[in-house]
Amino acid sequence: MDYKDTLNLPKTDFPMRANLPKREPELLKHWQQIDLNEQLEKNNQGKESFILHDGPPYANGHLHMGHALNKILKDIIVKSKRMQGFFTPYVPGWDCHGLPIELMVDKKLGKKKREMSKADFRRQCREYAKVWVQTQSEEFQRLGIFGDWENPYLTMTPDYEATTARELARLVERGSLYKGKKPIHWCSSCVTALAEAEVEYDEHVSPSIYVKFPYVDELPAELSELSEKPLNFVIWTTTPWTIPANLGICLNPELTYVAVEAKGEYLVLAEGLYEGVMQTLGIEDYSVAATFAAELFDNKNCRHPFYDRNSLLMLGDHVTLEAGTGCVHTAPGHGQDDYVVGLKYGLEIYNPVDDYGRYRQDLELFGGMKLKDANAAVNAKLSEVGALLHETQVSHSYPHCWRCKKPIIFRATEQWFISMEENNLRQKALQEIEKVEWIPSWGRNRIFNMVEARPDWCISRQRSWGVPITIAYCEKCGEALNDGKIMHHIADQFEATGSDVWFEKEASELLPPGTVCPACGHDKFTKESDILDVWFDSGVSHAAVCELREELQSPADLYLEGSDQHRGWFHSSLLESVGTRDRAPYKSVLTHGFVLDKDGRPMSKSMGNVIAPEEIIKKYGAEILRLWVTATDYRDDIRLSQETLQRLSDAYRRIRNTARYLLGNLNGFDPVVDTVADQDLLEMDRWAMSRLNRLTQKVASAYDKYEFHVIYHAIHNFCTIDLSAFYLDILKDRLYTSPKQSIAYRSARATMYQILDALTRILAPVLSFTAEEIWLDLPGQREASVHLADFPQVNSSYLDDQLEERYEQLHKVRLEVSRQLEKARADKQLGQSLEAKVLLDAPENYQQLLTDYLDALPTYFIVSQVELTKNLSAAVDAENIPGLRLQILPADGEKCERCWNYATSVGQNNEHPTICARCTDALAAG
RNA sequence: GGGCUAGUAGCUCAGCUGGCUAGAGCACACGACUGAUAAUCGUGAGGUCGGAGGUUCAAGUCCUCCCUGGCCCA
């Protein structure tokens with residue numbers, strides 16, 4: 001007879017190989033068929049909610065790793081919160097306006113654009129954005145991300161645009177909006193103002209010139225000795241084209257300055273820089289004629305080198321000794337520091353440059369000239385008037401346009417601003433930052449420092465694709481109608497058809513009937529042509545989405561984005577919300593790092609080190625991508641390499657195989673009838689339950705703290721160390737050979753059922769596909785989807801420290817036994833460990849334990865016999881247990897054909913001469 | 001240049017408030033099994049904890065400087 005047929009061997013249809021790229025789409029289809037999404041939306045309704053508000057990705061291009069990382073993290077959180085019993089509606093969104101889309105459409109249209117109206121062009125942009133929203137939506141869903149994909153929020157829908165306009169009106173009502181002239185980054189090529197976020201810094205070669213400005217006021221009394229020769233202040237600049245806009249020279253009040261005598265004149269320089277400068281200028285014969293404090297010259301005047309006007313001497317802290325001369329050329333219309341100090345001294349914010357990067361026609365000497373020709377022309381003029389001391393070239397970091405990559409300029413224009421000081425916005429925002437939980441905690445410092453130092457928020461964009469700044473101007477006197485009531489009236493009109501009406505209708509149609517200019521009484525108006533910064537769009541999502549959607553609420557529980565968003569969405573959302581509601585739009589903010597390549601470099605097309613999500617999905621499946629997100633500590637930047645993917649793929653197989661083996665052993669199990677009372681479980685099974693609950697506890701806490709990599713390692717180690725290499729390996733003998741009705745068999749199966757059930761649940765937020773696959777094969781009545789189920793409760797009555805401690809001791813002994821078995825194997829004394837009998841001479845501290853467990857030791861060691869004896873003929877010392885001595889001998893008796901253990905009882909039964917007594921009994925029982 | 005941040009075995013991670021011959025899993029090498037089999041089990045070999053100083057009886061853990069990265073700014 002073939003005794004193999006009498007064994008309880010595992011049996012399952014659950015495939016060992018996942019073939020995820022094929023299986024995942026099938027599961028997606030399955031979910032669609034059972035209307036999972038609809039059920040999820042209703043799941044836990046009425047219970048406490050947890051709102052993770054989605055930050056909108058930009059609707060342009062296919063998904064990259066950053067998108068995948070971000071959305072998978074969100075998905076894991078939403079799923080785990082739902083399984084913890086929270087009501088977790090998740091509404092994904094997209095950022096649809098803005099320059100990048102506009103430029104893409106621009107490019108696509110080519111010359112056709114010129115014949116198009118602004119409204120028509122906007123329709124094209126809308127279509128373009130829509131296509132990418134659809135594409136990205138599908139790509140996100142392929143990753144197994146659950147959410148309200150049927151009703152996402154788009155910043156370009158009429159209702160959203162109406163809210164955007166209303167939020168602007170609210171800020172106007174609070175007096176936060178003002179029109180100012182201010183230098184901003186300006187791209188002459190794109191003809192637009194650029195936000196900080198739209199500027200890139202890159203190496204650029206510029207002229208480097210030293211220019212002298214003759215001093216024209218009376219000398220301070222202390223320096224009357226300098227009256228003999230001409231006195232000049234020397235400035236250094238890399239932007240000669242700004243010299244025509246020069247209105248002053250700045251000195252640092254903390255620094256000491258010197259007047260150097262050379263070539264019959266005095267040159268004023270910072271004391272700490274003059275030697276280097278003289279060297280640069282090639283002047284060897286010089287001497288310091290005077291040393292003085294900058295204050296002496298505060299508010300005195302130099303003369304512009306070639307215009308008939310003065311250049312004011314001022315004091316400013318921004319002047320440093322890092323470069324230049326210590327005397328800083330100041331053009332308030334062309335630099336941030338210049339602007340600030342210029343304001344302080346009452347200088348004009350003067351800008352002689354037009355939108356296209358040319359000097360205005362009325363500029364003396366250079367009117368109409370393009371800036372790219374200006375440097376040379378200005379230098380020539382300076383040289384001609386004898387003001388140019390030195391000219392060379394330097395390579396330095398210079399701002400460039402993020403779209404066209406061309407160098408940009410700093411230039412004052414009329415713009416709308418949200419004031420950081422009006423209504424105390426800055427202070428309030430800083431206070432709100434303190435109330436938010438920042439994870440990791442350094443996020444607080446990061447955004448705090450930014451808000452503390454940032455300038456007013458320039459919200460104007462001279463572009464087409466966006467929400468218009470809904471302000472009208474009196475045609476006659478130019479007065480701006482920045483009136484909240486009027487703006488609300490306009491916003492209401494957006495509700496129906498979107499902000500396109502602003503571009504389609506005349507001002508008279510848009511404004512409330514009977515509107516007259518409050519300044520002059522005129523009743524004809526023109527419309528502002530600037531649109532809003534896209535950061536404003538997404539910054540109002542708390543109002544447009546969280547407040548307006550019934551299932552959501554504001555402030556949200558969590559915002560989760562990359563750490564760059566401290567200056568992006570976290571920032572704009574905070575300012576907008578504090579500016580209109582005096583509170584932050586979020587309770588906590590979680591950030592993740594950036595995806596880098598195997599060497600820790602950013603992925604870029606030009607570097608050729610990009611790994612696309614699509615590539616991974618095709619080769620490994622989305623599940624591996626999800627596992628990667630989980631396995632890595634995302635709070636820092638995270639690396640991605642082929643090796644990592646291979647490792648994760650292996651880890652996935654280990655987890656999958658463990659589940660498969662458990663399923664195989666649960667073949668025919670019915671939890672209703674096959675459950676075993678806790679107190680009837682065998683000790684080893686109780687140990688497994690203790691470990692399982694330990695795991696459940698650890699995982700629950702890690703989900704709470706968003707420390708997913710802890711989950712990955714805990715689960716993987718549990719599967720590998722506790723289950724596969726120990727518990728399940730040892731269990732085989734009992735499982736396979738025991739009679740089906742025996743408590744030994746039933747206890748093992750009941751335990752395995754608990755383990756797999758819990759494992760599947762805690763795995764679901766991460767391995768959403770595989771967990772479902774297991775779920776569908778798990779015995780018992782259960783929810784239609786694991787994603788509708790709850791996490792397992794930690795049953796602390798199973799937690800047994802002493803039991804685990806004893807097993808740890810036994811495990812140490814087992815390790816020593818394995819080591820010796822391995823040696824015997826190397827000596828060809830045995831193959832299977834069951835061929836061995838182990839003799840142990842235990843030290844005092846192990847005596848009790850090993851005596852207590854003597855009967856179980858063969859099972860734990862997976863050998864046929866164990867003897868505790870002092871009588872060893874050829875003992876070997878254990879490596880890590882002092883005093884423990886071991887000896888391996890061939891097992892007594894013959895090999896049982898059924899259970900493969902060696903036993904002296906084999907051959908004693910006439911009916912079954914090739915099997916052991918235990919197996920004979922088992923057959924009789926079965 | 002500034003703000004924030006990171007650097008422990010090939011990979012992914014542990015190592016709490018300083019006290020071990022620095023741990024785990026995977027990968028790798030070698031072996032066993034063929035009743036988890038494109039699986040499973042065992043053994044083994046991998047680290048001057050980015051570098052250099054310092055504090056301390058004692059430092060991967062504290063301090064200083066430096067190097068190499070990342071994000072955001074200038």
Side-chain angles (χ1 to χ4, degrees), chain A residues 3-5 7-12 14 16-17 196-197 199 201 318 320 322-323 336-337 397-399 440 442-450 452-454 562-568 571 591-596 598-602 627-628 630-633 635-651 653-654 656-665 707 709-710 712-721 724-726 728-730 732-733 735-737 814-815 817-826 828 830-835 862 880 898-900:
Chain A
Y3 290 108
K4 185 169 173 178
D5 298 337
L7 297 172
N8 310 310
L9 294 177
K11 182 169 178 283
T12 178
F14 190 88
M16 178 182 288
R17 304 195 63 211
E196 300 280 357
V199 175
Y201 288 82
H318 64 284
T320 69
E322 276 166 29
Q336 179 61 32
D337 294 327
S397 176
Y398 190 85
W442 49 256
R444 177 259 173 216
N445 284 346
R446 187 162 179 178
I447 193 167
F448 190 96
N449 291 348
M450 285 179 189
E452 196 175 34
R454 70 155 296 147
S563 59
D564 58 332
Q565 297 303 322
H566 284 108
R567 183 162 286 269
H571 196 112
T591 53
H592 61 252
F594 277 69
V595 181
L596 306 174
K598 67 180 167 60
D599 301 316
R601 304 285 170 178
L627 200 56
W628 166 70
T630 309
T632 320
D633 187 353
R635 290 167 297 194
D636 190 14
D637 293 337
I638 66 183
R639 298 185 180 198
L640 180 62
S641 65
Q642 292 300 336
E643 175 171 6
T644 300
L645 288 169
Q646 191 54 52
R647 290 297 85 86
L648 288 165
S649 202
D650 293 340
R653 292 216 313 269
R654 162 48 54 96
R656 184 183 178 89
N657 256 319
T658 305
R660 186 182 109 101
Y661 183 65
L662 289 169
L663 278 174
N665 283 114
E707 292 175 349
H709 63 287
V710 172
Y712 164 81
H713 282 280
I715 291 180
H716 189 249
N717 279 348
F718 179 72
C719 286
T720 304
I721 303 170
S724 198
F726 189 68
L728 294 177
D729 204 26
I730 290 168
K732 281 176 192 166
D733 181 73
L735 215 41
Y736 295 173
T737 66
R814 184 174 135 106
L815 219 59
V817 172
S818 296
R819 203 171 275 141
Q820 295 314 317
L821 289 173
E822 191 62 25
K823 279 185 185 147
R825 211 171 267 134
K828 306 290 178 205
L830 59 93
Q832 271 191 327
S833 56
L834 285 175
E835 293 164 27
I862 315 186
N880 291 317
R898 184 167 178 272
C899 73
W900 294 351

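In what follows, chains carry the letters A, B, and so on, assigned in the order in which the sequence lines appear, proteins first and then strands, with residues in each chain numbered from 1.
- For A:Tyr661, the side-chain atoms get nearest to B:A36 when compared with the rest of B:C13, B:C11, B:A36.
- Counting any heavy atom pair closer than 4.0 Å across all strands shown, A:Gly600 reaches sugar-phosphate atoms only and no base atom.
- Nucleic acid contact class of A:His566 (heavy atoms, under 4.0 Å, all strands): none.
- Annotation: B:A6 and B:C66 have their C1' atoms spaced 16 Å apart (nearest Å).
- Residue contacts shown for A:Ala651 are absent, as no nucleic acid heavy atom lies under 4.0 Å away.
- Comparing the P positions of B:U56 and B:U12 gives a spacing of 38 Å, expressed to the nearest Å.
- Rounded to a whole angstrom, the distance from the P atom of B:G2 to that of B:U64 is 16 Å.
- Scanning atom types as modelled, one donor and one acceptor separated by under 3.5 angstrom connect the side chain of A:Ser724 and the base of B:A36.
- Dashed line: the shortest gap from a side-chain N or O of A:Arg660 to OP1 or OP2 of B:A39 is not under 4.0 Å.
- Listed pair A:Arg653 / B:U37 fails the phosphate criterion, with no side-chain N or O lying under 4.0 Å from OP1 or OP2.
- When the P atom is compared between B:C71 and B:G53, the two are found 32 Å apart, to the nearest whole Å.
- Counting any heavy atom pair closer than 4.0 Å across all strands shown, A:Arg898 reaches a base atom.
- Separating the CG atom of A:Leu9 from the P atom of B:C33 is a distance of 19 Å, rounded to the nearest angstrom.
- Taking the P atom of each, B:U8 and B:G44 are spaced 26 Å apart, rounded to whole Å.
- For the pair A:Lys732 and B:G35, the criterion of a side-chain N or O lying under 4.0 Å from OP1 or OP2 is not met.
- Two residues, A:His713 and A:Asp650, neighbour RNA chain B, and the one matched to the more 5' nucleotide by heavy-atom proximity is A:His713.
- Put simply, the side chain of A:Arg446 and the base of B:C71 share a donor and an acceptor less than 3.5 Å apart.
- Between the side chain of A:Gln646 and the backbone N or O of A:Gln642, no donor-acceptor pair lies under 3.5 Å.
- Within 4.0 Å (heavy atoms only), A:Arg825 reaches sugar-phosphate atoms of the nucleic acid but no base atom.
- Side-chain N/O atoms of A:His571 include none lying less than 4.0 angstrom from OP1 or OP2 on B:C72.
- One atom, CG of A:Asp729, and another, P of B:A36, lie 9 Å apart when rounded to the nearest Å.
- A:Trp628 comes within 4.0 angstrom of nothing in the nucleic acid, heavy atoms only.
- Heavy atoms of A:Ala826 sit nowhere under 4.0 angstrom from any nucleic acid atom.
- In this structure, A:Leu815 reaches the sugar-phosphate backbone alone: every heavy-atom distance under 4.0 Å involves primed, P, OP1 or OP2 atoms, never a base.
- Remark: B:G69 base-pairs with B:U5. Criterion, Watson-Crick or G-U wobble with two distances under 3.5 Å.
- Rounded to an integer number of Å, the gap from CG of A:Asp637 to C1' of B:G70 is 4 Å.
- If you check every strand for non-hydrogen atoms under 4.0 Å, A:Pro440 touches nothing.
- B:C62 and B:C57 have their C1' atoms separated by 16 Å, with the value rounded to a whole Å.
- In this structure B:A52 sits in a base pair with B:U64, meeting the Watson-Crick or G-U test at under 3.5 Å.
- B:U43 is paired with B:A29 under the criterion used here, namely a Watson-Crick or G-U wobble arrangement in which both key atom distances are under 3.5 Å.
- The two residues A:Asp637 and A:Leu596 make their nearest non-hydrogen contact at CB-CD1, 3.6 Å.
- B:A45 and B:C30 have their C1' atoms separated by 10 Å, given to the nearest Å.
- In this structure, B:G44 shows a glycosidic angle more than 90 degrees from zero, which is the anti conformation.
- In this structure, A:Ile730 places its CD1 atom 17 Å from C1' of B:C33, rounding to the nearest Å.
- Judged by Watson-Crick or G-U wobble contacts below 3.5 Å, the nucleotide B:A59 has no partner.
- Contact annotation: A:Arg654 reaches the phosphate of B:U40 (side-chain N/O to OP1 or OP2, under 4.0 Å).
- Contact annotation for A:Lys598: no contact, since no heavy-atom pair falls under 4.0 Å across all strands.
- Rounded to whole Å, atom P of B:G35 lies 10 Å from atom OH of A:Tyr736.
- Closest contact between the side chain of A:Glu822 and the listed nucleotides B:G42, B:G35, B:A24 involves B:G42.
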Stepwise, does the side-chain contact (heavy atoms from CB on, under 4.5 Å) test hold for A:Tyr3 with A:Thr737? CA-CA 10 Å; A:Tyr3 290 108; A:Thr737 66; over 6 Å; no
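- The distance from atom CZ of A:Arg635 to atom C1' of B:A14 is 13 Å, rounded to the nearest whole Å.
- Counting non-hydrogen atoms under 4.0 angstrom, A:Asn657 reaches a base of the nucleic acid.
- Comparing B:U43, B:G35, B:U12 against the side chain of A:Thr644 picks out B:U12 as the nearest.
- Shown here, B:A24 forms a base pair with B:U12; the pair counts as Watson-Crick or G-U wobble because both key distances fall under 3.5 Å.
- Atom-to-atom, CG of A:Asn445 to P of B:G3 comes out at 12 Å; the value is rounded to the nearest Å.
- A 6.0 Å sphere centred on NZ of A:Lys11 holds no more than 12 heavy atoms belonging to other residues, nucleotides or ligands.
- The CG-P distance, from A:Leu596 to B:U68, rounds to 17 Å in whole Å.
- Not one side-chain nitrogen or oxygen of A:Tyr3 sits closer than 4.0 Å to the OP1 or OP2 atom of B:G35.
- Across all strands, A:Gln832 comes closer than 4.0 Å only to sugar-phosphate atoms, never to a base (heavy-atom distances).
- Contact annotation for A:Asp599: no contact, since no heavy-atom pair falls under 4.0 Å across all strands.
- Take the nearest nucleotide of RNA chain B for A:Phe726 and for A:Leu830: the residue whose nucleotide is more 5' is A:Leu830.
- Nucleic acid contact for A:Leu821: none, since no nucleic acid atom lies under 4.0 Å from a heavy atom of the residue.
- Spacing of P atoms, B:A14 relative to B:G50, comes out at 14 Å, to the nearest Å.
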